[in-house]
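First the structure, in the form of structure tokens, and then the observations on it.
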Amino acid sequence: MGGVGKTTLAQIVYNDNVVRERFDLMAWVCVSKEADVSEGKKFLLVLDDVWNDKYAHWDILLRPLKSGTEGSKVVVTTRHETVASVMGTVVAYHLRELSDDDCWCLFLKHVFEEGKSGRHIELELIGREMVRKCRGLPLAAKTLAGLLRAKTDVAEWERVLKSDMWDLSNEDILPALRLSYHYLPSHLKQCFAYCALFPKDYVFEKEELVLLWMAEEVGGEYFHDLVARSFFQRSSVYPSCFIMHDLVNDLAKFVAGEFWFRLEGDDSREIEHDVSKKLESFQGAQLLRTFLLVEWSQLDEDVMRGLLQKFSRLRVLSLCCYRGLSELPKSLSKLKHLRYMNLSGSSIRRLPATICKLYNLQTLILFECKELVVLPTNMGRLINLLHLDIRGTNLKNMPPQIGQLRKLLRLSDFVVGIQGDCSIKELGELQHLQEQLRICSLQNVTIPRDALQANLKGKKNIKKLKLEWDNGDGDFMSHMEVLEQLQPHRNIESLSIDGYGGSRFPAWVGDFYYSNMVSLKLTGCWQCSSLPPLGQLVSLEDLWITGFDQLVVVGPDVYGNCLTKKPPFASLKSLTFELMPKWQEWNDECGAAFPLLQELYIRECPALTGALPGHLPSLTTLKIEGCPQLVASLPRSPDILRLHLKDNNRLMRFVKPCSFGLYHLIIEGFNCIDSLLQDMEQMCGLTSSLQEIEIKNCCEVKIFPVEMFPELKTLRFSSCPRLQRLFPPEANNDYLKNLSSLEIMDCPGLGSFLNRRLPAPNLSRFMLLGCSNLASFPGEKLLPSTLTSLKIGDFQNLTSLDFTGLRHLTGLRELEICNCPKLRSLPDEGLPFSLSSLSVFLCPLLEHRCQPYTGEDWPKICHIPHIEISFFQISCQS
């Protein structure tokens with residue numbers, strides 16, 4: 001049943017912080033009518049609103065997902081029991097309607113600001129009766145609450161309760177949704193009906209829809225009204241975007257009636273054929289005002305030319321992702337009423353000069369038109385243009401006299417041309433710019449006072465600003481003079497400076513005057529030998545410092561002289577240093593700095609030798625990579641959860657007190673880890689909390705004391721050629737009772753441990769690649785009976801599988817054998833009958849014997865539901 005809350009429940013799980021900490025990769029896919037996960041990662045994949053119940057289709061989709069690590073999950077939401085039976089590996093969870101009381105509680109939460117009816121007792125009886133009519137559907141209750149929100153007039157509530165619309169019969173439209181639409185103000189009805197053009201599960205940004213409404217002379221300020229009434233809801237995958245519930249989409253189509261048409265097909269060829277045919281029947285539609293391509297298409301260019309000739313009343317033309325479009329016809333100028341044109345992602349190379357005759361044009365979107373290198377010379381004639389998006393194009397300069405577009409509210413990019421082209425001074429005429437602006441090719445500014453005339457300091461509505469020089473070009477002495485004149489307004493929230501060639505920054509960078517700045521990125525400032533006083537930015541949350549080739553010391557100057565009572569970097573949550581070849585020392589004389597820092601990343605700083613800040617009380621994630629000279633102690637923090645050390649940080653030390661919440665440790669590229677292990681052994685709080693450990697590319701490691709980590713659940717070793725021992729000889733069967741996943745890859749010295757029982761009684765997943773020269777595997781009772789997944793590969797001398805080591809694996813469901821060129825056959829006794837999946841790759845002798853019906857080993861495996869031989873899926877359903 002639609003609207004019962006399937007997607008909402010999946011969203012709650014998907015966005016839960018505990019869930020997010022457990023997966024390396026997460027993805028959400030809206031599947032709807034018809035329907036790549038990275039190998040070696042633990043993933044969570046949500047397939048929302050699935051309708052397709054064809055087993056063969058889903059079998060193809062799920063194949064690449066089998067490469068994920070143990071613990072990966074796929075969550076499916078669907079209205080159909082048949083889909084659940086085809087896709088499910090566990091019993092389906094049937095989401096029932098809410099009880100009347102629960103539905104009432106949900107209604108209260110959205111209808112009254114305080115979430116209670118205490119001050120409105122007279123409305124409770126009416127409200128409860130209305131809620132019963134919602135039939136326990138959360139969507140209906142939430143939408144009804146949006147209709148009555150903040151309204152306390154009893155008569156108005158009674159009018160809704162007694163409305164005849166509760167009794168109208170239409171199985172596709174919920175009465176509560178119809179009622180909510182009926183009581184919308186007329187201007188909101190028009191806005192909502194316009195959304196009938198969007199297909200189901202279409203994700204849109206607020207700005208995208210508002211610009212379309214504006215082309216129809218509908219106010220953009222109405223968007224939040226429809227959000228408040230639950231006609232639009234936030235996307236679970238893209239938090240800045242919105243989506244309509246399927247049932248709300250059905251309502252939009254219903255109320256739009258005959259005033260809209262949406263052509264859909266399973267592929268572009270079908271659509272192309274249908275459009276050509278349908279356009280013939282549109283001869284009478286001379287008043288067509290909106291034409292949208294909302295998905296990728298390959299429509300014939302002649303079809304598009306015909307469209308532009310026939311529909312001269314168009315106000316909205318969107319050819320987004322129309323890759324067959326390389327140029328527009330000159331007849332485009334006949335679209336005198338056109339207000340919105342979107343050519344995003346098309347192959348357009350140039351715009352015709354006649355586009356400058358579209359005097360009513362308000363919005364021109366050229367996003368990701370990568371072939372576009374020039375704009376028409378007379379663009380300044382588009383005096384009503386409000387929005388110009390040229391992100392992702394390859395423009396070399398701006399058209400002359402662009403400053404004449406004085407109504408422009410949004411300009412995504414300004415490309416400074418060489419001397420003689422459009423000057424940066426033109427920006428000074430655009431006084432109403434807002435939201436975000438990127439100014440690039442600043443090395444072409446040869447007269448610093450031209451930058452002053454751009455008047456960025458007077459543009460109070462710009463929130464995000466990017467300033468970019470092409471690194472290595474221009475007069476570096478003038479860089480600082482230019483940057484000095486490009487000081488933004490104090491309202492700026494996000495600033496990025498890239499490729500700056502000055503030796504220091506002007507005083508405004510880091511000034512406490514910028515109290516609204518939350519994000520700062522300084523990239524490729526390769527001449528700078530010092531940092532500005534960034535600690536004074538009291539609201540700064542995210543800071544990137546990358547590509548400072550001349551920086552040697554991060555010293556007291558960066559903390560600044562805070563004139564408030566707050567410590568330096570009082571709000572900072574994420575800090576990244578990378579690609580700083582000369583950086584040697586981090587001088588942390590201000591011990592109170594970084595009180596809220598949660599994530600610290602230091603990458604490719606090969607000369608760094610000094611200490612890290614000693615006290616970071618909120619740190620949860622620390623990654624150090626490519627810093628081989630670092631001689632430091634890890635910061636003291638009670639909350640470090642993830643620690644990643646890479647590239648021979650051989651003298652990195654733990655100090656006491658340290659983190660007692662660490663659960664995921666990655667050590668990569670170290671020659672020796674003895675000092676780390678010794679420190680950890682002395683601090684039982686560290687070893688007792690760790691649940692996941694990964695050791696990669698540690699060439700000198702011979703022994704790893706697994707016994708130090710009693711709570712360990714996942715252990716991974718890769719490319720440790722001298723590793724000889726994991727478990728001490730005296731380890732009993734209950735030694736690692738919590739270990740559930742063990743992966744060993746390219747550790748050839750570990751072969752001896754395969755001669756005894758693995759002391760992990762609850763192990764469920766075991767992967768062994770390139771670690772043994774054994775001729776036979778596995779030994780008797782090497783593997784615990786709890787095993788459900790076994791993957792072996794790169795056994796160059798393996799000739800046989802030993803059934804005595806497999807017969808007790810009564811719960812084994814997955815077996816994968818890869819690159820065992822000498823493996824001749826499967827055991828005479830066959831494989832465990834519990835297997836549901838068998839994969840054999842790069843094993844030519846065995847693959848030949850496992851061929852369907854003709855292979856000698858086929859009778860041993862034909863009972864297994866899912867078989868893959870030589871990368872080909874074999875169906876055994878018959």
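Since we're looking at a predicted model, the values are computed, not measured.
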| said: Run the salt bridge (charged side-chain N to carboxylate O under 4.0 Å, His left out) test on R410 and E207 for me, step by step, so that the C-alpha distance in whole Å, both residues' side-chain angles and the decisive distance to 0.1 Å come before the verdict. | reply: CA-CA 11 Å; R410 299 197 181 172; E207 181 181 348; 2.5 Å; yes
| said: Evaluate L251 against F192 for side chain to side chain contact (heavy atoms under 4.5 Å, CB included), listing each step before the verdict. | reply: CA-CA 9 Å; L251 174 65; F192 175 68; 3.8 Å; yes
| query | Can L375 and L351 be said to form a side chain to side chain contact (heavy atoms under 4.5 Å, CB included), step by step? | reply | CA-CA 7 Å; L375 291 175; L351 298 175; 4.1 Å; yes
| Given the rule in the side chain to side chain contact (heavy atoms under 4.5 Å, CB included) test, do N360 and L338 qualify, once you have shown the distances and angles that lead to the verdict? | CA-CA 6 Å; N360 288 309; L338 196 66; over 6 Å; no
| task | For the pair S318 and F291, evaluate side chain to side chain contact (heavy atoms under 4.5 Å, CB included) and give the outcome as yes or no after the intermediate values. | result | CA-CA 6 Å; S318 177; F291 184 89; over 6 Å; no
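Ring to ring, F242 and F232 are not that close: their centroids are 6.0 angstrom or more apart. Ring-centre distance between Y601 and F577: not below the 6.0 Å cut-off.
Annotation: the span from N461 atom CG to L433 atom CG amounts to 9.5 Å, rounded to 0.5 Å. Residue E368 holds its CD atom at 8.5 Å from OG of S344, rounded to the nearest 0.5 Å. From I497, atom CD1 reaches atom CZ of F505 across 5.5 Å, with rounding to the nearest 0.5 Å. Here L600 contributes atom CG and T621 contributes atom OG1; the two are 10.0 Å apart, rounded to the nearest 0.5 Å. Here the straight-line distance linking atom CD of Q190 with atom CG of L184 works out to 12.5 Å at 0.5 Å rounding. Between the CG atom in L364 and the CG atom in L386 there is a gap of 12.0 Å [rounded to 0.5 Å].
Under the 4.5 Å side-chain criterion, counting only non-hydrogen atoms from C-beta, L442 is in contact with I424. Annotation: side chain of I439 is in contact with side chain of L456 (closest heavy-atom distance under 4.5 Å). By the 4.5 Å heavy-atom criterion applied to side chains, M398 and M379 are not counted as neighbours. Side-chain contact between N384 and L382 is absent, with no heavy-atom pair separated by less than 4.5 Å. Residues R438 and E468 are in side-chain contact: their nearest non-hydrogen atoms beyond the backbone lie under 4.5 Å apart. Side-chain atoms of L343 and F367, non-hydrogen and from C-beta on, never get closer than 4.5 Å to each other. Annotation: side chain of L520 is in contact with side chain of M517 (closest heavy-atom distance under 4.5 Å). In this structure, the side chains of D413 and R391 come closer than 4.5 Å at one or more pairs of heavy atoms.
Between D470 and Q443, the side chains place a donor N or O and an acceptor N or O closer than 3.5 Å (distance only, hydrogens not considered). In the model, Y514 has a side-chain atom that pairs as donor or acceptor with a side-chain atom of Q487 under 3.5 Å. Using modelled atom types and a 3.5 Å distance limit, the side chains of T290 and Y194 yield a donor-acceptor pair.
Across F198 and N249, no two heavy atoms sit closer than the pair O-ND2, 3.0 Å. Residues P533 and V509 approach most closely at CD-O, 3.9 Å, considering heavy atoms. Across all non-hydrogen atoms, the minimal contact from G417 to N397 is CA-CB, 3.8 Å. Scanning all heavy atoms of the two residues, the minimum distance from I390 to T393 falls at O-OG1, 2.9 Å. Heavy-atom minimum distance, V203 versus C241: CG1-CB, 3.4 Å. In terms of heavy-atom proximity, P448 sits nearest to Q485 at O-CG, 3.5 Å.
At distances below 3.5 Å, at least one donor-acceptor pair connects side-chain atoms of K459 with backbone N or O atoms of L427. In terms of modelled atom types and a separation under 3.5 Å, the side chain of S539 and the main chain of N516 share no donor-acceptor contact. With N394 contributing its side chain and K370 its backbone, the two residues share a donor-acceptor pair below 3.5 Å. Judged by distance alone, the side chain of R234 and the main-chain N or O of P239 form a donor-acceptor pair under 3.5 Å. In this structure, the side chain of N444 engages the main chain of V416 through a donor-acceptor pair within 3.5 Å. For H479 (side chain) and G501 (main-chain N/O), a donor-acceptor pair under 3.5 Å exists by modelled atom type. Formation of a donor-acceptor pair under 3.5 Å by the W213 side chain with backbone atoms of C191 is found in this model. Proximity of a side-chain donor or acceptor of E578 to a complementary backbone N or O of R603 within less than 3.5 Å is not detected. Judged by distance alone, the side chain of W508 and the main-chain N or O of L483 form a donor-acceptor pair under 3.5 Å. At distances below 3.5 Å, at least one donor-acceptor pair connects side-chain atoms of N491 with backbone N or O atoms of K460.
Between E435 and K464 no salt bridge is recorded (no basic side-chain N to carboxylate O distance below 4.0 Å). Using a 4.0 Å cut-off between charged nitrogen and carboxylate oxygen, K573 and E599 do not count as a salt-bridge pair.
Shown are L361, L317, I365; of these, the side chain to side chain contact (heavy atoms under 4.5 Å, CB included) with Y340 is made only by I365.
Using cut-offs of 30° and 60° on the angle between ring planes, the pair F569 and Y559 is perpendicular.
For Y513, the OH atom counts as densely surrounded, since its 6.0 Å shell holds more than 12 non-hydrogen atoms of other residues, nucleotides or ligands.
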